[in-house]
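Single-structure report; data block below.
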Amino acid sequence: MKTDLKKVLALSGYSGLYLFVSESKNGVIVASMADKKRSCMGARIKMTSLADIAIYTDAGELRLKEALERLKNLPPDKEIPDPKSDSLVLKNFFGELISDYDRDRFYLSHMKKVLEWFRILRDHDALDFEEEEGASAEA
């Protein structure tokens with residue numbers, strides 16, 4: 001089953017990723033990807049869909065989906081660093097992965113989140129993404 005990144009949410013103040021289940025009278029019902037536990041999140045919780053996240057580059061923005069695809073397609077011998085790795089290790093890794101990332105606006109904390117989210121999606125076999133509406137199938 002393909003993963004719809006529009007339904008994968010990062011919640012401000014909460015670790016991990018959550019799947020959108022449905023709307024409720026007082027907010028949104030989400031399920032934690034870690035333990036599948038459902039919760040109702042009120043309207044005051046900031047929720048961001050992974051489909052809406054981009055990484056700043058010198059040429060504009062790179063969709064998070066594209067960065068996750070690059071991570072997924074790395075050669076098997078290329079080790080993906082732990083999100084808690086040394087800052088120099090993370091910066092060098094992203095320098096190779098996204099050579100033109102904007103060094104002034106793509107912070108170390110963002111790098112850690114991208115790696116954390118990638119690990120969560122990988123561990124839940126959720127790296128096969130749905131195509132976005134309006135995306136062309138041209139070769």
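Hydrogens, waters and symmetry mates are skipped; everything else that's a heavy atom, side chains included, is used. Note that the numbering runs from 1 along the sequence shown for the chain. This is a predicted model, so every value here is computed, not measured.
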Measure from the side-chain N and O atoms of [X] to the backbone N and O of [Y], and report whether any donor-acceptor pair falls under 3.5 Å.
X      : Y      : value
Asn92  : Leu88  : yes
Arg122 : Leu127 : no
Ser99  : Glu96  : no
Arg103 : Tyr101 : yes

Taking the side chain as everything from C-beta on, heavy atoms only, tell me whether [X] gets closer than 4.5 Å to [Y].
X      : Y     : result
Phe129 : Lys2  : no
Ile53  : Leu5  : no
Asp52  : Leu64 : no
Ile80  : Phe93 : yes
Met33  : Leu19 : yes
Glu130 : Thr3  : no

What heavy-atom pair brings [X] and [Y] nearest, and what distance separates the two atoms?
X     : Y      : result
Pro81 : Arg119 : O-NH2, 3.1 Å
Leu50 : Ala10  : CD2-CB, 4.5 Å
Lys65 : Glu131 : NZ-CA, 3.9 Å
Ser49 : Leu9   : CA-CD2, 3.8 Å
Ser87 : Leu108 : CB-CD2, 3.4 Å
Lys72 : Phe118 : N-CE1, 3.6 Å

Within this structure, what is the [atom1]-[atom2] distance for the pair [X] and [Y], rounded to the nearest 0.5 Å?
X      : Y      : atom1 : atom2 : answer
Leu90  : His110 : CG    : NE2   : 13.5 Å
Lys25  : Cys40  : NZ    : SG    : 11.0 Å
Asp82  : Lys112 : CG    : NZ    : 9.5 Å
Glu116 : Ser109 : CD    : OG    : 11.5 Å
Leu121 : Leu71  : CG    : CG    : 10.5 Å
Leu11  : Thr48  : CG    : OG1   : 8.5 Å

Neighbour count >12 (heavy atoms, 6.0 Å) for atom [atom1], [X]:
X      : atom1 : result
Asp125 : CG    : no
Arg70  : CZ    : yes
Lys36  : NZ    : yes

Which is it for Leu97 and Leu74 under the side-chain contact (heavy atoms from CB on, under 4.5 Å) test, yes or no, and what are the steps along the way? CA-CA 9 Å; Leu97 185 71; Leu74 283 174; 4.2 Å; yes
Criterion ring-ring contact (aromatic ring centres under 6.0 Å, His included) against Phe94, the qualifying member of Tyr56, Tyr107, Phe106: Phe106
Passes side-chain contact (heavy atoms from CB on, under 4.5 Å), Asp100 versus Thr57? Steps please. CA-CA 5 Å; Asp100 65 337; Thr57 66; 3.7 Å; yes
What class does the angle between the rings of Tyr14 and Tyr18 fall in, given that below 30° is parallel, 30 to 60° is tilted and above 60° is perpendicular?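 Tyr14 vs Tyr18 ring planes: perpendicular.
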When you check the side-chain N and O atoms of Ser32 and Asp35, is any donor under 3.5 Å from an acceptor?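 Result is yes, a qualifying pair exists.
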Between Phe20 and Ile29, does a side-chain contact (heavy atoms from CB on, under 4.5 Å) hold up when you go through it step by step? CA-CA 6 Å; Phe20 172 84; Ile29 298 173; over 6 Å; no
Derivation and outcome, side-chain contact (heavy atoms from CB on, under 4.5 Å), residues Glu61 and Ile55: CA-CA 5 Å; Glu61 294 182 346; Ile55 295 170; over 6 Å; no
